[in-house]
Amino acid sequence: MKVFVIGAHGQIGKKIVSKLVAQGDQVFAGIRHPEQAEAFEDAGAQPVSFNLLEQPAELAAAFKGMDAIVFAAGSGGQTGYDMTLMIDLDGAVKTMQAAELAEVKRYEIVSAEFTADRAKWPNSLKPYYVAKYYADEWLKTRTQLDYTILQPGTLVNDAGTGKVTVNPGVGGEITRDDVATFAVKALGTAQTIGKTIALINGETPIKDAVEA
């Protein structure tokens, strides 16, 4: 597949790019800063200048000819709530609109567990959860994209386990590496289309969890 990864320089984005390249996909890595390009070229991906503050029609130009789009971007913890809205919410929605303009049907987004349950939103992260909730809702109800929404639990940087629990109904941790592995497997698996999938680390091999 030809896959465009939005937020390719983020912690999960880098892992998704690496895993897609390893399985032979043609990967286009959306980056904001030119100095990030060389690392992706060395990794076998094609870096593309991409700014989520642009308009959907401008973003759509980067998506032409793609088979799939993965949204793994985030404003990060060092920015204010304004950028959380501009990147995690409006930026995500604009890429959905851009995907439709570019006639790319397959779209996968990395969200967060419990976005649909306001009672479980952490007080310290409520603006982030607001952004994720409404981006997820827009994708489900306002687009015709073949979407998959991944909602991982608390992200940790431990080594990947290769095992998960899907839709656990309870909170938990999951490694960024396992989120990336699941995202790559799900992207090419038709039965994940139209699904919202919560994830924490567990006992089911990722391949089996995706196929189920």
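Numbering starts at 1 and runs along the sequence shown.
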- Polar contact flag, side-chain donor to acceptor under 3.5 angstrom, Ser111-Asp136: yes

- Shared hydrophobic cluster, Leu85 / Val93 (ILVMFWY, side-chain heavy atoms < 4.5 Å): yes

- Item | ILVMFWY cluster, Val104 and Ile193 together (side-chain gap under 4.5 Å) | no

Are more than 12 heavy atoms from other residues, nucleotides or ligands located less than 6.0 Å from atom [atom1] of [X]?
X: Lys105; atom1: NZ; result: yes
X: Gln191; atom1: CD; result: yes
X: Lys163; atom1: NZ; result: no
X: Lys195; atom1: NZ; result: yes
X: Glu203; atom1: CD; result: no

- Message: Below 30° counts as parallel, above 60° as perpendicular, anything between as tilted: where do the rings of Phe4 and Phe28 land?
- Response: parallel

- Message: Are the side chains of Met96 and Leu145 in contact, using a 4.5 Å heavy-atom criterion?
- Response: yes

- Query: Is Leu89 close to Val130 at the side-chain level, that is, under 4.5 Å between some pair of heavy atoms?
  - Reply: no

- Just how far is it from atom OG1 of Thr95 to atom CZ of Phe50, taken to the nearest 0.5 Å? 6.5 Å

- Salt-bridge present (Lys19, Asp177; N to O < 4.0 Å): yes

- Task: Apply side chain to side chain contact (heavy atoms under 4.5 Å, CB included) to the pair Ile69 and Phe63, showing each step before the final yes or no.
- Result: CA-CA 8 Å; Ile69 295 163; Phe63 294 164; 3.4 Å; yes

